[in-house]
Every structure is written in C-alpha cells, then in structure tokens.
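So the structure is just underneath, and the comments pick up after that.
Labels below follow one simple rule: chain letters A, B, ... track the order of the sequence lines, proteins then strands, and each chain is numbered from 1. When reading the values below, keep in mind they use all heavy atoms of this one structure, side chains included, and skip hydrogens, waters and symmetry mates.
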Amino acid sequence: MRLSRYFLPILRETPKEAEIASHRLMLRAGLLRQQAAGIYSWLPLGLRVLNKITTIVREEQNRSGAVELLMPTIQSAELWRESGRYDAYGKEMLRIRDRHDREMLYGPTNEEMITDIFRAYVRSYKDLPLNLYHLQWKFRDEIRPRFGTMRSREFLMKDAYSFDLDQEGARHSYNKMFVAYLRTFARLGLKSIPMRADTGPIGGDLSHEFIILAATGESEVFCHRDVLDTPIPPADTDFDDVAHLQSIVDKWTSVYAATSEMHDEAAFAAIPDDKKVSARGIEVGHIFYFGTKYSEPMKATVTGPDGHERPVHMGSYGIGPSRLVAAIIEASHDEAGIVWPDPVAPFDVALLNLKPGDSATDDACGHLYRALGLRGRDVLYDDRDERPGAKFATADLIGVPWQILVGPRSLSEGKVEVKRRATGERELLSIEDAVVRVAG
RNA sequence: CGGGGCAUAGCGCAGUCUGGUAGCGCAUCUGCUUUGGGAGCAGAGGGUCGCAGGUUCAAAUCCUGCUGCCCCGACCA
C-alpha cells in the first residue's frame, strides 16, 4: 500500500477527550473515530488490526473444536422473556421497537438465542459435545463508557457456547476453552493470567477471567509470580485428551491468582514476598460454566443413553477483540507511539522513501516494495512528499514492527537501513539482505 | 444515577468576568527554497461561536431552556 493513496488520518495533537495511552494513540494514529459516547468507527489501520486479532481468535477457536456460525445483532424480546432475563437485565440492554410495535433489543450477549438454535435441532446425546461460537457486535448501554474501545457501548465479541450431557462433559468443554484462550492471548503477544472470578449475574459456579497486567488496568489483581512463567500449551495439544487438558488447567489454577472480588488475603499472605504480585489488570476474556440455567427454562434437552430427556449443561466463553486492540496498546507502546507485536501489526513493514523524486531512492523502494510483496509481506510504502523527520515520526507512531529507511546517504554505499520498532536496533544492509532480514 | 467541567475553523486553544470589526498555533491550498528525526519564507482559503428562545441600538460574551461530550464514584467482554 502506498501511503500517498491510503487513508491514514494521523493527528499531531492529542484530542482532549483521550485520557489513557491506548485511547490517545488510537486517535492519533488514525485507527479510530468516535461517533457518539462509546461508539466508534474503525478507520482502515484500526480495522486491519482488528481483523488480525479476529483471525487468530478464530484459528484457536477452530483448533479447539468450536464451530463458527453467525447470529444477528437484533433479537426479539420474546426469547429473553423465556429465560427471565428481559426484566432482569436492566437498563444496560438497549430496547427498541419495530414498526409493528414489537419489542426488540440490540443483543448484549447471545445465551438465549444460541439455546434456541440448539433446541431446534439437537435431540440426542450422540450429537454432544457441541461448541458453537460467533463474532458479532454487541451493545451494552454502559452508564459511563470511557477509555475508547477499552470500555465502549458497542463492541465486538467472540462468544462461544458449549453444550454437554452432564457436568463432567461440561468441565472438559470448559477446559478446552481455557487452553484455547491461553494460546490465543499468547499468540497476540500478551501474557494473560487466568484468575478465579465471580460468576456475576450470568450464574453458575465455575468461572475464570483472563487478565493481562497493565498499569492502566481497571481491575486490581493479585497473583503468584510463577504464574507468569507457566508454559503455554503447544499448537499440537490434543483437545480430546480429557486427562491431559485437565492437567494443564490444574497446573495453571494451582498457583494463586485472583481479582479483587475473589481475593483471599490469607492465601495471598502465605506467598513468599518476592513472589507476590499485586498489580492492575485488564480483563480480555471471561469463561463460565453455568449448568442448566438457560437449558432448563428454555427446554433445551437431549435424550441420554438411558432414554431419558435431560437439560444440557452449558458454558459461555467471551473474548472482546475490540477491547484487545486497546489492551495490546496499553501493554505495548512508548513515547513515540504504538509498538505492535508482529502477529497483530496492521502492516509488517514500513518502507520509508526519504527522498521521493530521487531516481535512486525511488528505484530501490520500488524494488523492495515488489520483492517484499512477493514474499507475502504487507508493506506500507511512505512515498509522500514529506521530509524524513515527518516520516520517522509517522512510522514510529503507527508502530509497524519493521522499518526500512531508504535515503541517499546509505544508498550511496548500496545499503538501506533496517530498523526494528520495538528495540530501535538498526542494521545497514544491502537491498537483498534487507528483504531476507524482514521477510525471512 | 449523584458530583464536577467543557462546547469558538479539521485538531489544540485565547476571547466571555467588564456586550461593540472573531483571533492564535498546528493542519490545508499556491509559489519558491529545503530534504536522515514532525523545515523556512511569502501568499491564500476555511466560522450560522452546539441548538432554541429572551434582554439590548448591538450578544461568542448577559438571562432561560435544551442537546452533545468529557472527568470522578457505584456495575461490566
């Protein structure tokens, strides 16, 4: 992509409404535009990051055996009356009426609807276990949205729902998501910590929040330092191996880690002082087992091996990709701007032509642009008629992991400069070596 | 929902107290010079001062109502 033909409205000054780093940088780097309180447009660069994240989320959901579908944003109130949540949910739910005066709502979550889909088709225990998920925009009319997409009213959520014959099966489904989440966040370049969590109004008795540590996090969290070094399950983990998955979850949950709501002072006090971590965290995922809370009132039943019908045991599992964009920035930025982890970066390489119009730099950039493109790299080519300083500032701000600086100075020796955004390390390389360095 | 604040050019702000030609910086456009860490000079364009009503010879400024947004607190991916 040539920057001169792209749509990247970067801001030199910080809009006054932005308090925290991620919000400030998302506005400055042209990722986001606010349209109303807690409601945002995703500009091209922001959308690229969001898509990178959802791709990884999907890959790990699919790997664990979950199956993707897509449910609508608008739901009918009728369904929510069946579960009893239409009245219970309160003002957070955006209620609307259609032209026939039918009561509708903009979905804040999809337990009812997925249960309706399940009960319409599934009759036998032989079709279990089943885990269905989708990625869809949600709306929760928060009292006070803030911090950009960290807490917005409209947000993208990956929500998965598991169905099992009994609690034992549901436990395994829960463990699958537990492992999938560990892998997902690790692949996004984040160190996530599963923490015992309150189940809240959603019900049930088994729940973990996945927290990443960041100074601007909204929750206060406590954990044993060792949890930060627990190994992430590998890609070839067998998700059908019940005992193995349980052992992974046991290893992670045997180390103390809890949010302030679930904090146990005595247990924390027993940890050696040098292993105590008391910090702030951002919740990026939340998993629940809630048994038959919805299947019972909504009559989602299957016939078991004994010929008896019984309500299925369910769990739900949420990740907020739109929040993750902000969370990743909170965890990875510096004075100059965003520092994207490679897997989620909007582009792989920023190619800076420091003297556009000069035939030597133009030719070298053209060559690099094509060579990297052929190797499958997304390159943002800064071909604007700007001074070098402005290009450096832009490249640093938008945080693309690799920068290739092409100017007359190094080019006179037949070299270009390859800079790593995260560390600031620079190498003078020939054009061919630069391609290999960046594209592997 | 309680408390506090803001609304003036695309962005950041001054002007409001004490009514009288709507300003500054950045950005944008044109020209020339410049070109390795957000260039310089010269010129230009861009505003129903959030909306509605009122007071006044005269309102960005005073009064009333409304709307939007932000911050602090209790809830949430």
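- Distance, A:L352 CG to B:G38 P: 14 Å, rounded to whole Å.
- Using modelled atom types, one side-chain atom of A:K391 and one backbone atom of A:R384 make a donor-acceptor pair closer than 3.5 Å.
- Rounding to whole angstrom units, CZ of residue A:R85 and C1' of B:C76 are separated by 13 Å.
- Taking the C1' atom of each, B:G40 and B:U35 are spaced 12 Å apart, rounded to whole Å.
- In this structure, A:K16 reaches the sugar-phosphate backbone alone: every heavy-atom distance under 4.0 Å involves primed, P, OP1 or OP2 atoms, never a base.
- Applying the ring-ring contact (aromatic ring centres under 6.0 Å, His included) rule to pairs touching residues 379-420 of chain A yields A:Y369-A:Y381, sequence neighbours excluded.
- Using P as the reference atom, B:U33 and B:G46 are 28 Å apart when rounded to the nearest Å.
- Separating the CD atom of A:E19 from the P atom of B:G4 is a distance of 19 Å, rounded to the nearest angstrom.
- Taking atom P on both B:U56 and B:G15, the two are 29 Å apart, rounded to the nearest angstrom.
- As rounded to the nearest Å, B:A9 and B:G5 have C1' atoms that lie 23 Å from one another.
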Residue pair A:D396, A:Q403: steps toward the side chain to side chain donor-acceptor pair (under 3.5 Å) verdict: CA-CA 9 Å; A:D396 287 349; A:Q403 295 174 13; 2.8 Å; yes
Show me the side-chain donor-acceptor pairs of residues 261-268 of chain A shorter than 3.5 Å, one per line, residues at least two apart or across chains.
residue : atom : partner : partner atom : Å
A:H263  : ND1  : A:Y256  : OH           : 2.7
A:D264  : OD1  : A:A266  : N            : 3.1
A:D264  : OD1  : A:A267  : N            : 3.3

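- With P as the reference atom, B:G50 and B:A7 are 8 Å apart, rounded to whole Å.
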Side chain to side chain donor-acceptor pair (under 3.5 Å) between A:E417 and A:S410, intermediate numbers included: CA-CA 7 Å; A:E417 204 169 333; A:S410 50; 5.2 Å; no
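- Rounded to whole Å, the distance from CD on A:E17 to C1' on B:C6 is 12 Å.
- In this structure, A:H286 atom NE2 and B:C75 atom P are separated by 15 Å, rounded to whole Å.
- Contacts between residues 34-53 of chain A and RNA chain B, defined by a heavy-atom separation below 4.0 Å, involve A:Q34, A:A36, A:A37, listed by number.
- Atom P of nucleotide B:G37 and atom CD of A:Q403 are separated by 14 Å, given to the nearest angstrom.
- As a whole-Å value, the separation of A:K419 NZ from B:G36 P is 16 Å.
- Residues A:T292 and A:V312 share a closest heavy-atom pair of CG2-O, 3.5 Å.
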Nucleotides 22-28 of chain B: protein proximity per nucleotide (B base, S sugar-phosphate only, - neither; heavy atom, under 4.0 Å): ---BSS-
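- Remark: the separation of the P atoms in B:C26 and B:C41 is 9 Å, to the nearest Å.
- Between the base of B:G38 and the side chain of A:R28 there is a donor-acceptor pair shorter than 3.5 Å.
- Of the candidates B:G38, B:C75, B:G37, B:C75 carries the atom nearest the A:E142 side chain, counting heavy atoms from C-beta on.
- Within the structure, every pair that satisfies the ring-ring contact (aromatic ring centres under 6.0 Å, His included) test and touches residues 320-355 of chain A, not counting sequence neighbours, is listed here: A:Y6-A:F347.
- Summary of the strand contacts: A:D396 and A:P145 both lie near RNA chain B, and taking for each the nucleotide with the nearest heavy atom, the more 5' one is attributed to A:D396.
- If you measure from atom CZ of A:R24 to atom P of B:C70, you get 16 Å, rounded to the nearest angstrom.
- Contact annotation: A:R146 reaches the phosphate of B:G73 (side-chain N/O to OP1 or OP2, under 4.0 Å).
- Toward the 5' end of RNA chain B, the nearer of the two residues A:R323 and A:T394, judged by each one's closest nucleotide, is A:T394.
- Base pairing of B:G68: its partner is B:C6, meeting the Watson-Crick or G-U wobble criterion (both donor-acceptor distances under 3.5 Å).
- B:A77 has its base stacked against the ring of A:F155, the centroids being under 5.5 angstrom apart at an interplanar angle below 30°.
- Of the possible polar contacts, one joining the A:Q75 side chain to the A:T109 backbone as a donor-acceptor pair under 3.5 Å is found.
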Side chain to side chain donor-acceptor pair (under 3.5 Å) assessment of A:D116 paired with A:Y294: CA-CA 10 Å; A:D116 176 66; A:Y294 300 99; over 6 Å; no
Report each atom pair, protein N/O against N/O of nucleotides 31-33 of chain B, whose distance is under 3.5 angstrom.
none

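- Between the side chain of A:T14 and the base of B:G12 there is no donor-acceptor pair of N/O atoms closer than 3.5 Å.
- B:C70 and B:C13 have their P atoms separated by 15 Å, given to the nearest Å.
- Under a 4.0 Å N-O distance rule, the pair A:E103/A:R81 qualifies as a salt bridge.
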Chi angles and distances behind the side chain to side chain donor-acceptor pair (under 3.5 Å) call for A:E432, A:H367: CA-CA 10 Å; A:E432 295 317 317; A:H367 180 80; 3.0 Å; yes
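- With hydrogens and angles left out, the side chain of A:R384 and the base of B:G38 share no donor-acceptor pair within 3.5 Å.
- The closest side-chain donor-acceptor pair between A:H286 and A:S207 falls under 3.5 angstrom.
- Straight-line distance between the P atoms of B:G25 and B:C62: roughly 26 Å, to the nearest whole Å.
- In this structure, A:R144 does not reach the B:A74 phosphate: none of its side-chain N or O atoms is under 4.0 Å from OP1 or OP2.
- Using N1 to N3 plus N6-O4 or O6-N4 for Watson-Crick, or N1-O2 and O6-N3 for G-U wobble, each under 3.5 Å, B:C57 pairs with B:G20.
- Checked by atom type and distance alone, the side chain of A:T361 never pairs as donor or acceptor with a backbone atom of A:P408 at under 3.5 Å.
- Closest contact between the side chain of A:I143 and the listed nucleotides B:A74, B:G36, B:G38 involves B:A74.
- Within the 4.0 Å cut-off from OP1 or OP2 of B:A77, not a single side-chain nitrogen or oxygen of A:R151 is found.
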